[in-house]
Amino acid sequence: MKWLDDHHNSDKQKPIILRLYDTSPENSPCLTFNPLKLSDEPDWNPMPEEWHCCSEPLRVYFKDYRRLLKGYFALMFPTKDAFDGTPEPTFDELYWNWLGAEDWSKALSAIRNELPKFSPEEREFYEAFLKWFDEALALSNIIVCESNL
């Protein structure tokens with residue numbers, strides 16, 4: 001995983017798609033996870049190309065999210081938006097979620113702790129999910145999760 005070089009990045013991204021139970025077509029509702037490319041510019045306000053500049057965002061379709069991840073995501077809330085500090089009472093399945101490394105660590109730790117109880121197929125899904133997040137959090141301490149609903 002690396003940053004893409006130019007500003008028209010979303011066309012060059014190659015999403016990693018995690019699927020286990022969801023057999024929806026490719027254009028179905030999903031969540032896409034992108035690390036935010038941080039800047040130290042004063043009064044910086046990130047534009048979409050700054051969270052669509054990772055070479056391999058992660059995509060999870062809703063059936064798998066709801067069956068495999070939703071309960072873990074709930075562990076992160078209530079929290080604050082990792083960029084602007086706005087209170088976030090729950091995960092928003094319809095919009096953007098700007099979550100910081102501390103928030104993600106709650107969900108990721110819970111998944112890691114429960115890996116032994118999963119079926120081999122579920123364990124493979126979760127291990128790929130954890131691997132992607134480990135790499136993404138090495139790039140940025142904010143991961144933007146957006147829905148296409």
Side-chain angles (χ1 to χ4, degrees), residues 1-39 41 44-77 79-84 86 88 90-115 118-149:
M1 180 182 309
K2 62 182 179 176
W3 297 121
L4 297 170
D5 292 331
D6 66 7
H7 291 338
H8 302 288
N9 297 314
S10 60
D11 295 341
K12 295 178 182 172
Q13 289 183 303
K14 293 185 170 97
I16 293 173
I17 298 172
L18 284 184
R19 284 194 163 167
L20 183 55
Y21 300 111
D22 198 323
T23 58
S24 302
E26 293 299 315
N27 60 353
S28 295
C30 64
L31 297 173
T32 302
F33 304 86
N34 278 287
L36 174 63
K37 190 171 187 179
L38 301 171
S39 172
E41 292 180 24
W44 173 63
N45 186 20
M47 301 303 292
E49 54 268 14
E50 291 167 300
W51 69 86
H52 292 115
C53 59
C54 168
S55 60
E56 297 174 316
L58 178 66
R59 184 163 296 152
V60 176
Y61 288 84
F62 267 86
K63 186 174 182 180
D64 285 331
Y65 155 70
R66 289 183 176 135
R67 187 168 178 177
L68 298 167
L69 298 170
K70 187 175 182 172
Y72 295 109
F73 284 22
L75 299 173
M76 296 187 276
F77 293 88
T79 191
K80 292 183 179 179
D81 181 293
F83 181 71
D84 67 13
T86 305
E88 298 293 340
T90 61
F91 184 79
D92 190 341
E93 292 183 3
L94 302 176
Y95 201 58
W96 298 320
N97 295 272
W98 295 62
L99 297 163
E102 288 182 24
D103 296 318
W104 287 112
S105 72
K106 294 173 188 173
L108 301 175
S109 293
I111 292 170
R112 281 188 176 92
N113 289 338
E114 294 187 357
L115 276 177
F118 299 121
S119 70
E121 295 83 11
E122 289 172 330
R123 191 173 313 118
E124 185 177 333
F125 176 95
Y126 285 120
E127 287 172 345
F129 184 82
L130 293 167
K131 180 181 185 291
W132 186 90
F133 267 88
D134 289 342
E135 291 177 18
L137 289 168
L139 286 176
S140 177
N141 63 358
I142 297 176
I143 306 297
V144 181
C145 175
E146 60 186 323
S147 168
N148 69 345
L149 283 176

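Predicted model, so just to flag it, every value in this text is computed and none were measured.
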Notebook entry, point to check: What closest approach, in Å, do Leu31 and Phe62 show between heavy atoms, and which atom pair accounts for it?
Noted result: CD2-CZ, 3.8 Å
Note to self: Just so I know, are the side chains of Leu38 and Trp44 near enough to count as touching, which here means a heavy-atom distance under 4.5 Å?
What the structure shows: yes
Note to self: Show the nearest heavy-atom pair for residues Tyr61 and Ser28, with the distance to one decimal.
What the structure shows: CE2-O, 3.5 Å
Next item on the list: Taking all non-hydrogen atoms of both residues into account, name the closest pair between Trp104 and Met76 and its distance.
Entry: CZ3-CE, 3.6 Å
Check: Relative to each other, are the rings of Tyr65 and Phe91 parallel, tilted or perpendicular (30° and 60° limits)?
Finding: tilted
Item checked: Short side-chain to backbone donor-acceptor contact, Trp132 and Glu56, under 3.5 Å -> yes
Check: Where do Ala82 and Gly100 come nearest, in terms of heavy atoms and distance?
Finding: CB-N, 3.3 Å
Margin query: Looking at every heavy atom in both Asp84 and Asp81, which two are closest together, and how far apart are they?
Written below: N-OD1, 2.9 Å
Next item on the list: Go through Lys131 and Glu135 one step at a time and tell me if the salt bridge (charged side-chain N to carboxylate O under 4.0 Å, His left out) criterion holds.
Entry: CA-CA 6 Å; Lys131 180 181 185 291; Glu135 291 177 18; 2.7 Å; yes
Next item on the list: Apply side-chain hydrogen bond (donor to acceptor under 3.5 Å, both in side chains) to Arg123 and list each qualifying residue two or more places apart in sequence or on a separate chain.
Entry: none
Next item on the list: Verify, without hydrogens or angle tests, whether Asn34 (side chain) and Pro57 (backbone) share a donor-acceptor contact under 3.5 angstrom.
Entry: no
Margin query: Once rounded to the nearest 0.5 Å, what's the spacing between atom CG of Asp92 and atom SG of Cys145?
Written below: 9.5 Å
Next item on the list: Could you tell me the separation between the CG atom of Leu108 and the CG atom of Asp103, rounded to the nearest 0.5 Å?
Entry: 10.5 Å
Check: Is there a side-chain contact between Phe118 and Leu68 (heavy atoms, below 4.5 Å)?
Finding: no
Checklist line | Nearest heavy-atom neighbours spanning Cys54 and Gln13 | finding: O-NE2, 2.9 Å
Checklist line | The single option from Tyr72, Tyr126, Phe33 passing ring-ring contact (aromatic ring centres under 6.0 Å, His included) against Phe133 | finding: Phe33
Next item on the list: Please determine, by modelled atom types, if Tyr21 and Glu121 share a side-chain donor-acceptor pair under 3.5 angstrom.
Entry: no
Next item on the list: Check whether any side-chain heavy atom of Ile111 sits under 4.5 Å from a side-chain heavy atom of Leu69, and report yes or no.
Entry: yes
Check: So do the side chains of Leu18 and Leu58 get within less than 4.5 Å of each other, counting heavy atoms only?
Finding: yes
Checklist line | Over 12 non-hydrogen atoms of neighbours within 6.0 angstrom of CD in Glu124 | finding: no
Notebook entry, point to check: In Å and rounded to the nearest 0.5 Å, what is the OG1 to CD distance from Thr32 to Glu146?
Noted result: 6.0 Å
Check: For the side chain of Asn141 and the backbone of Ala101, is there at least one donor-acceptor N/O pair under 3.5 Å apart?
Finding: no
Next item on the list: Mind checking the NZ-CD spacing from Lys80 to Glu102? Nearest 0.5 Å is all I need.
Entry: 11.5 Å
Item checked: OG1 on Thr23 to CG on Leu20, rounded to 0.5 Å -> 11.0 Å
Item checked: Spacing of NZ belonging to Lys2 relative to CG belonging to Leu4, to within rounding of 0.5 Å -> 7.0 Å
Margin query: Is it the case that atom CD in Glu114 sees more than 12 heavy atoms from other parts of the structure closer than 6.0 Å?
Written below: yes
Note to self: Could you check whether any side-chain N or O of Asp64 sits under 3.5 Å from a backbone N or O of Asp22, counting only pairs where one atom can act as donor and the other as acceptor?
What the structure shows: yes
Checklist line | Side chain proximity check, Ile143 to Leu99, heavy atoms < 4.5 angstrom | finding: no
